Structure formats: C-alpha cells, structure tokens
Amino acid sequence: MIDPRRLRLEIGSIAERLRLRGIELDVARLEELETRRKRMQEEVERLRNRRRAASRQIGEAKAAGDDIAPLVAAVGNLGDDLAEAVRQFDAVRDELSEFVNALPNPPDDSVPPGRDETDNVELRRWQEPVDFNFEPRDHVSLASASLDLEAAAKIAGSRFSVLRGPLARLHRGLTQFMIDTHVLEHGYEEVYVPYLVDRRTLVGTGQLPKFEDDLFAIDGERDQFLIPTAEVPVTNLIRESILDYAELPLRFVAHTPCFRSEAGNYGKDTHGIFRQHQFEKVELVQIVDPAKSWDALDELTAHAETILRKLELPYRAVALCAGDLGFAAAKTIDLEVWLPAERRYREISSCSNFLDFQARRMLARYRNPETGRPNYVHTLNGSGLAVGRTLIAVLENYQDGNGAVHVPDALRGYMGGSTRLDL
RNA sequence: GGAGGGGUGGCUGAGCGGUCGAAAGCACUGGUCUUGAAAACCAGAGAAGGGCGACCUUCCCAGGGUUCGAAUCCCUGCCCCUCCGCCA
C-alpha cells in the first residue's frame, strides 16, 4: 500500500512514477474521494464527540441523583444522524481503500524505464555458456522415461508433471542442497508453513484483491487459496506485529510447492516443465530495518546467485524495467539461467525489495529504538531457486552429447555419490 | 464428532452498564542515587487514523443487536485451551 499521506501530499510525483509502469492514476477521482472522506470523517467525529459528552453528562447526573429525563430527551435523534453519517463514511472509506489497494508500488528511481521484458537491463553475466560441439537436446528429450508428462496429464491435466526414479531424486536433491546452503552458509532460518492461506494473508503480500484469477481457490465453505509462492505465508508471519529492533533482520528460507493458474499464459511455454500449475520453490524472505533494505536486496540476490555458482550454471542478472515489475515490488532483479536447447537465458529467480508496501498492508512494524515508536519494516524476497527450472538447467547444461547427464559436483552428496544420471 | 473453559495494551493479567484507553506486574524511556553498573525511589510511556495546530476520533477477537451510554448484557461467527472419540 502506498503511504496515504504521501499519496495526498505528493500525488503528482507518485502519478508520474506510476506512469512508468503504464498506470494512469485517476487523480481527479482520488481527490474527489479524499474530499468526501475528509468531510464525512469530520462529520462522524463531531457527532460522536457530542454523543460522548451527552452520555457522560447523563452518567454524572445519575450519580448525583438528579433527574436525567430532560438530558436524555435533549439527545434527540443524534443516534440516527450518527448512524447515517457512519454509513456514508464507511462507504467512502471502502471505496478509497479499494482504490488505493489496487495501486501498485511506485518503482524506485533506480528502476530502468520500459514497457516489457525487452526493456530489462542486463547487469552482469557469470560464466559464458558452454559451447557444445553437438546439437544440445532439451530437458524433455534428455529426461526420457523419467519424465512422464502423459501420466501427469492423465491424472491431473496439462501443466503438471510426474518425475520418476533418478529425476525425482535429483529434484529432491536440488531442494535439499538449496535449503542447506541458505541455512548453513547464509544464516537463514528454515520454516515450514501452510500451503493453504486465507484472503487476508493474500491481501497482505499484494496478490489480492487484484489478482484472484492467478490463484487456485478452494471450493466450498472455506475461503482459502493454494499459495502461489512461499512469500505469501512466510512474509505474513510478521503480520500485525511489532518486532524488537534486535530481532532484525529476520531471514527465512522455506521450501514449498507453488500453485498458479497461469491464466493469461495459454499457449506460452507449453513444452516440458518450464511453466507448471504446480512447482517447487525454495524461497528466501527477509524482514529488515528500512535503512538497510537496499543492501539486503543485493545480499539476498547474491545468496540466490550462490546456488547457480555452486551448480556452475551460466546465468545473468537483469534489472526489471518499470513496466515488467510485479505489483508490490519497488525494484526487482531477475536471475536468468542459460538454457542451451533454447539458446537463451530464462528466469530462474526473482529478487525484490518491496520497501514498506507489504508492511503497510500487513501492519508489520518494529520498534524504532531512537524514537520508541513503531515504524514499518521493509520486506524482501527472492527465489533461491525455482527447483523445477533448476532441474531443467542442470539437465541441459550437463548433457554430454550421448544422451547422458553428469551430476554437478555440488550435488554428488545429495545423489548417493553418483556422477551421472541413469535416466 | 461430543462436553467444557477462554480470547483485554509489547507480554502477563484485573475489570461493577456511566467520569475506562482500561488496575497491577513485567519489559521500556527519562530522572534521583552511585566512581560506574545493578538495586531502590520518582516520573513518563499503548496502537491506528484525522487536523497546520490547540486537539479530536477509533480500537478490549470479528460482525450484528439492546441502551442516552457497552470491555461489561444478548445473538452469530472465527480462533485458542482441556477432556472424550476418531485418526497420519
């Protein structure tokens, strides 16, 4: 959520920054809502103040043994007036909060301008792609019988996968490797969290109210959704709380399945397991002192990069342009891994600083030691990494030209010492 | 699924339909004392929102209701705890 006060005072510059995202802020409507809100709020508070004073007087009169009948009569239809004013005020406030909740985070000044992914800016590359002296095969071909997409389609439909034997083990091994690295080397606390969450939780991180179509909802009485990422339950751990300053930064790592409807992506990435309705991800979440969130973004991104480096997978880091930013992010660095069969870099991690955007929605604060007052924390998260896509990258980058795939050195311990996959 | 007990400030925990944002303790901040610290004593201090400001409003799980007035009474829902049953 954008700071309502800043929205009022700096409406021009905020509108300008939202324009970079391709969002035209309806300034006239916002100002009209604000004017009504202010008028109704003052009216409600004035009436409530009168009621309070009158009730207190009646209480005092009663305690003194005086006749309270004239005082009660003098209250008149204050109650009805107040109820009507409250009704109007609630209506404006709901309209206003719906309007404000639908506004994305204005991009940080360091975010490159642009409309879509073609305007993203490459920041750095690590390792040049291996120049195979043969035609590289894609992950579906390499995985052969260990990847059973027909079985998945039979039992669940399209965009699901069944992994068998060595491929299932590689998938599990990658997950363990990632978690271990973040816990043991980067100091994250591992957490296990629910995969179903309620509406309030999704509003907290920004998936709702705007993007309900992207989620899988649970049918029936329970108003719950399958999580689209661990970011949702993990970041919400600190919702509606005031943290001690000494607790910061909080660093959580969680491994969860992620569920996405992929509405609007029909026909996109339909080959193989690149884009699935269900996939596994190891997610990094940080809750930090607002003064330190930009350093934290670099640090968190480096933690994700460590996984790629240990696996010796060529990748590049790109800064998302304003038009390609997610709803809640003020800035995002994507890590893109090289996929030989596609001959291009593809997203494998997305690391973002949300500043106080999510914290405001969640009412997540820390006690500022200098003022003793609560301030909003800053939240960040990033994939470290998307497991299914890492699996693709390992298969394709570690193929030997004869249809065999070697096990990256870093994974040997997670694969029973095997040096190659018997797919 | 059955029976019972609860949800009050950062935490623990009192609270009679009225002057209750709410006792007390812990934790916190400032001061006194001390070479320093601790202890003790004194004082301050909840959260959200509005207003340039003096100030004002809201908040005792949530939503309704009764009332001039609700933390307190009534209804509904949610959550937690204990016991029984079932169960990985």
Side-chain angles (χ1 to χ4, degrees), chain A residues 1-11 30-31 33-101 192-204 218 220-225 233 236-248 250 287 356-377:
Chain A
M1 192 175 90
I2 301 175
D3 182 353
R5 172 167 289 158
R6 280 185 48 216
L7 195 52
R8 259 171 265 143
L9 300 178
E10 307 165 26
I11 192 161
L30 183 61
E31 283 175 344
L33 284 170
E34 256 304 321
T35 307
R36 264 163 63 206
R37 188 228 93 221
K38 188 169 171 180
R39 195 178 64 234
M40 289 323 297
Q41 181 162 350
E42 282 168 358
E43 173 73 359
V44 164
E45 291 183 0
R46 191 176 60 82
L47 290 171
R48 276 210 262 246
N49 192 328
R50 267 175 55 194
R51 183 182 67 179
R52 243 167 106 97
S55 293
R56 176 173 298 192
Q57 251 186 354
I58 292 170
E60 283 167 358
K62 205 174 169 187
D66 296 344
D67 179 19
I68 62 169
L71 288 170
V72 172
V75 171
N77 51 4
L78 187 59
D80 292 339
D81 292 349
L82 178 59
E84 173 57 21
V86 165
R87 198 191 58 72
Q88 287 188 38
F89 175 52
D90 284 351
V92 190
R93 207 191 35 194
D94 289 351
E95 245 183 290
L96 192 58
S97 77
E98 196 180 323
F99 184 89
V100 173
N101 270 331
Y192 170 79
V193 291
Y195 303 158
L196 288 175
V197 294
D198 62 21
R199 203 168 273 277
R200 178 75 188 77
T201 301
L202 286 153
V203 170
I218 300 305
E221 285 181 29
R222 290 175 163 271
D223 194 24
Q224 294 175 324
F225 299 82
N236 273 277
L237 290 174
I238 51 133
R239 190 174 82 210
E240 290 156 48
S241 57
I242 301 175
L243 302 166
D244 285 339
Y245 184 74
E247 292 179 76
L248 302 178
L250 290 172
I287 311 298
D356 63 0
F357 188 85
Q358 293 181 326
R360 283 181 183 281
R361 291 176 159 242
M362 293 191 299
L363 208 63
R365 298 147 296 167
Y366 73 101
R367 196 165 293 282
N368 185 326
E370 279 166 28
T371 62
R373 321 298 307 183
N375 290 152
Y376 291 108
V377 295

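Treat the numbers as computed from the prediction; the structure is a model and nothing was measured. Proteins get letters first, then strands, A, B, ... in listed order; numbering begins at 1 in each.
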| field | Nearest-Å distance for atom pair CZ/C1', residues A:Arg361 and B:rA48 | value | 18 Å
| task | Round to the nearest Å and state the distance from A:Arg367 atom CZ to B:rG9 atom C1'. | result | 10 Å
| query | A:Arg93 has an atom CZ; how far is it from atom P of B:rU58, in whole Å? | reply | 13 Å
| said: Under 4.0 Å, counting only non-hydrogen atoms across every strand here, what does A:Pro374 touch: a base, just sugar-phosphate, or nothing? | reply: sugar-phosphate
| query | Whole-Å distance between B:rG49 P and A:Phe89 CZ? | reply | 13 Å
| field | Whole-Å gap separating C1' (B:rG9) and CD1 (A:Ile242) | value | 9 Å
| field | Base-pairing mate for B:rA40 - Watson-Crick or G-U, with both contacts under 3.5 Å | value | B:rU32
Please list, pair by pair, any protein nitrogen or oxygen found under 3.5 Å from a nitrogen or oxygen in nucleotides 66-75 of chain B.
unit_1, atom_1, unit_2, atom_2, d
B:rG69, O4', A:Ser55, OG, 2.9

| task | Just call it for A:Ala63: base, sugar-phosphate, or nothing, with non-hydrogen atoms closer than 4.0 Å on any strand. | result | base
| field | Inter-nucleotide P distance (B:rG36, B:rG31), Å rounded | value | 13 Å
What nitrogen or oxygen pairs link the protein and nucleotides 51-57 of chain B at under 3.5 Å?
unit_1, atom_1, unit_2, atom_2, d
B:rG51, OP2, A:Arg8, NH1, 3.3
B:rC56, O3', A:Asn49, ND2, 2.8
B:rU57, OP1, A:Asn49, OD1, 3.4
B:rU57, OP1, A:Asn49, ND2, 3.3

| request: Test A:Arg8 against A:Lys38 for side-chain contact (heavy atoms from CB on, under 4.5 Å), laying out the working first. | output: CA-CA 12 Å; A:Arg8 259 171 265 143; A:Lys38 188 169 171 180; over 6 Å; no
| said: Taking A:Asp90 first and then A:Arg87, would you say they form a salt bridge - that is, a charged N and a carboxylate O separated by under 4.0 Å? | reply: no
| note | A:Glu247 atom CD is separated from B:rG10 atom P, nearest whole Å, by 14 Å
| Can A:Leu243 and A:Val377 be said to form a side-chain contact (heavy atoms from CB on, under 4.5 Å), step by step? | CA-CA 9 Å; A:Leu243 302 166; A:Val377 295; 4.3 Å; yes
| request: Provide, to the nearest angstrom, the distance between the CZ atom belonging to A:Arg200 and the P atom belonging to B:rC78. | output: 19 Å
| query | With rounding to whole Å, what would you report as the distance between B:rA54 and B:rC16 at their P atoms? | reply | 36 Å
| field | Separation between the P atoms of B:rC80 and B:rU8, rounded to whole Å | value | 14 Å
| Using 4.0 Å as the upper bound for N to carboxylate O, is an ion pair formed by A:Glu34 and A:Arg37? | yes
| Spacing of A:Asn368 atom CG relative to B:rG10 atom P, expressed in whole Å | 16 Å
| task | Please determine if a side-chain N or O atom of A:Arg360 lies less than 4.0 Å away from the OP1 or OP2 oxygen of B:rG49. | result | no
| query | Rounding to the closest angstrom, what is the interatomic distance between B:rU72 and B:rU19 at atom P? | reply | 13 Å
| said: Taking the C1' atom in each of B:rA23 and B:rA14, what is the distance between them to the nearest angstrom? | reply: 6 Å
